[in-house]
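Residue numbers start at 1 and run along the sequence shown. Keep in mind it's a predicted model, so treat the numbers as computed, not measured. Whatever order the structure lists them in is the order used to number ligands and atoms, beginning at 1.
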Amino acid sequence: MTSLQLYNAIFRRKSIRKYDMAPLPGDILLKLKEYANCAKPLDESIRYEFAFLGSADVKNLLPIKAPHYICLYSEKKDNYLMNSGFLLQQIDLYLSHSNLASCWLGMAKPAKGIPMLMNGLEFVIMLAFGNTTEPIHRNNTSEFKRKNLSEISSVVGGDELLEPVRLAPSASNTQSWFFSGDLDVITVSRKKLNLLKAQVYGKMNQIDIGIALFHLWLSLDHQGKAVNFDFDKDTAPTGYDFMVKVKISKNNG
Ligand SMILES: Cc1cc2nc3c(=O)[nH]c(=O)nc-3n(C[C@H](O)[C@H](O)[C@H](O)COP(=O)(O)O)c2cc1C
């Protein structure tokens, strides 16, 4: 699958919560596994693995039942939550482009008997996927419930670049991201949470930032630009925590 196909999927994808429980054909699962094996990490120093589970292998606090789940297990180190979002969003877009339904599941865990730890890697999050009888795609971007660009960005001239990022999915649609700086270096920050909200969304919102970063990577790639992610701590706008600086160079050849 090409970056352009993933990029185009951004403008149509949506979460699907009702699945046809018939398992997908083996060749479709094999292709997905091959694609997952080639996923691009945000931070190459973090070890991770994907694992595929069936409907009986998952404990979900919300009543979303699917024939398949893809789980991300990761080494627990700096940026691992952003890295997890970045990696699994590639699968979300791949599934949408492949006319398959999917939904991020922050509340689901592997069922009893399925390990939370695998080869020293910890379970982070999963996506449900499969076939559905519901429409898989949105018809246009007006069907997305999202903040306006002016609420999430102060980057002058960055609207075209950031529109695909604005459309990124996030836990409970919190969209806690903010983009500042300029078209050479964009600072990505995350809204500070009070103690109560931090308990619920503290981890999820870091995964969300990783999702947004993959959309930003695709958007920059679409504009023929190359990207370097700099995680060295820096300042963020008031009310936000610094997450990463995205250094952009003019041409990726
Ligand atoms: C990290 C993360 C966790 C999520 N967890 C759940 C969940 O547990 N249950 C659910 O129904 N949807 C979940 N979602 C889906 C969001 O509610 C959904 O992406 C958001 O409302 C935007 O809608 P859209 O994906 O249809 O564009 C999650 C999304 C993300 C990114």
Protein contact to [atom] [nearest heavy atom, distance to 0.1 Å]:
| atom | answer |
| --- | --- |
| atom 10 (C) of ligand 1 | Arg17 NE, 3.6 Å |
| atom 21 (O) of ligand 1 | Asn173 CB, 3.5 Å |
| atom 1 (C) of ligand 1 | Asp208 OD1, 3.5 Å |
| atom 20 (C) of ligand 1 | Ser170 O, 3.5 Å |
| atom 6 (C) of ligand 1 | Trp104 O, 3.1 Å |
| atom 25 (O) of ligand 1 | Ser15 OG, 2.5 Å |
| atom 9 (N) of ligand 1 | Leu62 CD1, 3.4 Å |

Margin query: Does Leu117, at its CG atom, have more than 12 non-hydrogen atoms belonging to other residues, nucleotides or ligands within less than 6.0 Å?
Written below: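 Enclosed: over 12 neighbouring heavy atoms sit under 6.0 Å from CG of Leu117.
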Charged N to carboxylate O under 4.0 angstrom, [X] versus [Y]?
| X | Y | value |
| --- | --- | --- |
| Lys245 | Asp234 | yes |
| Asp184 | Lys250 | yes |
| Lys31 | Glu34 | no |

Notebook entry, point to check: At a non-hydrogen distance cut-off of under 4.0 Å, which region of Arg146 contacts ligand 1 (side chain, backbone, both, or neither)?
Noted result: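 For Arg146, the contact with ligand 1 is made by the side chain alone.
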Notebook entry, point to check: What do we get for Lys145 next to ligand 1 when only non-hydrogen atoms under 4.0 Å count, side chain, backbone, both or neither?
Noted result: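 Neither; no heavy atom under 4.0 Å.
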Check: If you measure from each heavy atom of Leu167 to ligand 1, is any distance below 4.0 Å?
Finding: no
Next item on the list: Determine, using heavy atoms of Arg138 and all atoms of ligand 1, whether some pair is separated by less than 4.0 Å.
Entry: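 It does; at least one heavy atom falls under 4.0 Å.
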Item checked: Side-chain donor-acceptor pair present, Asp20, Thr132, cut-off under 3.5 Å -> no
What atoms in ligand 1 come closer than 4.0 Å to a heavy atom of [X]?
| X | result |
| --- | --- |
| Ile211 | 31 (C) |
| Met107 | 8 (O) |
| Ile125 | 1 (C) |

Item checked: Candidate pair Arg146 and Asn173, rule side chain to side chain donor-acceptor pair (under 3.5 Å), full reasoning -> CA-CA 8 Å; Arg146 296 294 189 270; Asn173 212 16; 3.2 Å; yes
Notebook entry, point to check: If we only count N/O pairs under 3.5 Å, is Lys14 in contact with ligand 1?
Noted result: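 So ligand 1 has no N or O lying under 3.5 Å from an N or O of Lys14.
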Next item on the list: Describe, in one word, how the ring planes of Phe123 and Tyr73 are oriented to each other, choosing from parallel (under 30°), tilted (30 to 60°) and perpendicular (over 60°).
Entry: perpendicular
Check: For residues 183-211, which residue pairs qualify under ring pair (Phe, Tyr, Trp, His ring centres under 6.0 Å), counting only residues two or more places apart or in two chains?
Finding: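 Sorted result for residues 183-211: empty, none.
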Note to self: Given Ala108, Gly106, Cys103, Ser84, identify the one with the heavy atom nearest to atom 8 (O) of ligand 1.
What the structure shows: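 Ranked by closest heavy atom to atom 8 (O) of ligand 1, first place is Gly106.
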Checklist line | Between CG on residue Leu162 and CG on residue Leu216, distance to nearest 0.5 Å | finding: 6.5 Å
Notebook entry, point to check: Who passes side chain to side chain contact (heavy atoms under 4.5 Å, CB included) against Asn140, sequence neighbours left out?
Noted result: Ser142, Glu143
